[in-house]
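Working notes, structure below.
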Amino acid sequence: MFSPWQLPVPLGEHTTIRVTVYFFWDSQWVPIKFCTLDKAVQLSYKALSLGKEIFLFPVDLDPNDFYSSREVA
């Protein structure tokens with residue numbers, strides 16, 4: 001199944017883009033770390049190997065803004 005939210009991992013110079021690592025807890029998105037994309041992908045794989053799931057977002061995007069607006073509608 002294809003999801004528009006799943007994008008291929010950027011390569012080359014794009015790996016130095018800064019992202020925010022979040023997890024979802026108690027009905028809200030909680031930021032846990034700012035880092036480069038390549039480090040965040042490594043952290044994501046480690047989390048998956050431990051049975052956890054984390055999400056990566058651009059630093060200028062707060063997923064709580066979208067989650068809150070969806071609940072209101």
N/O donor-acceptor pairs under 3.5 Å from side chains in residues 16-23, not counting sequence neighbours:
unit_1: Thr16; atom_1: OG1; unit_2: Glu13; atom_2: O; d: 2.9

The reported gap from CG in Leu50 to OH in Tyr45 (rounded to nearest 0.5 angstrom) is 15.0 Å
Work out which heavy atom in Ser49 is nearest to a heavy atom in Lys46; give both atom names and the distance. OG-O, 2.6 Å
Supply the atom-to-atom distance Leu37 CG to Gln42 CD, rounded to the nearest 0.5 angstrom. 10.0 Å
Value for CG (Leu56) from SG (Cys35), rounded to nearest 0.5 Å, stands at 7.5 Å
If Ile, Leu, Val, Met, Phe, Trp and Tyr residues are connected whenever their side-chain heavy atoms lie under 4.5 Å apart, and connections chain through other members, are Leu48 and Leu43 in the same group? no
Could you work out the complete set of other residues in the hydrophobic cluster of Phe34, with links drawn between I, L, V, M, F, W and Y side chains under 4.5 Å apart? Val59
Is the Phe66-Trp29 ring centre distance short of 6.0 angstrom? no
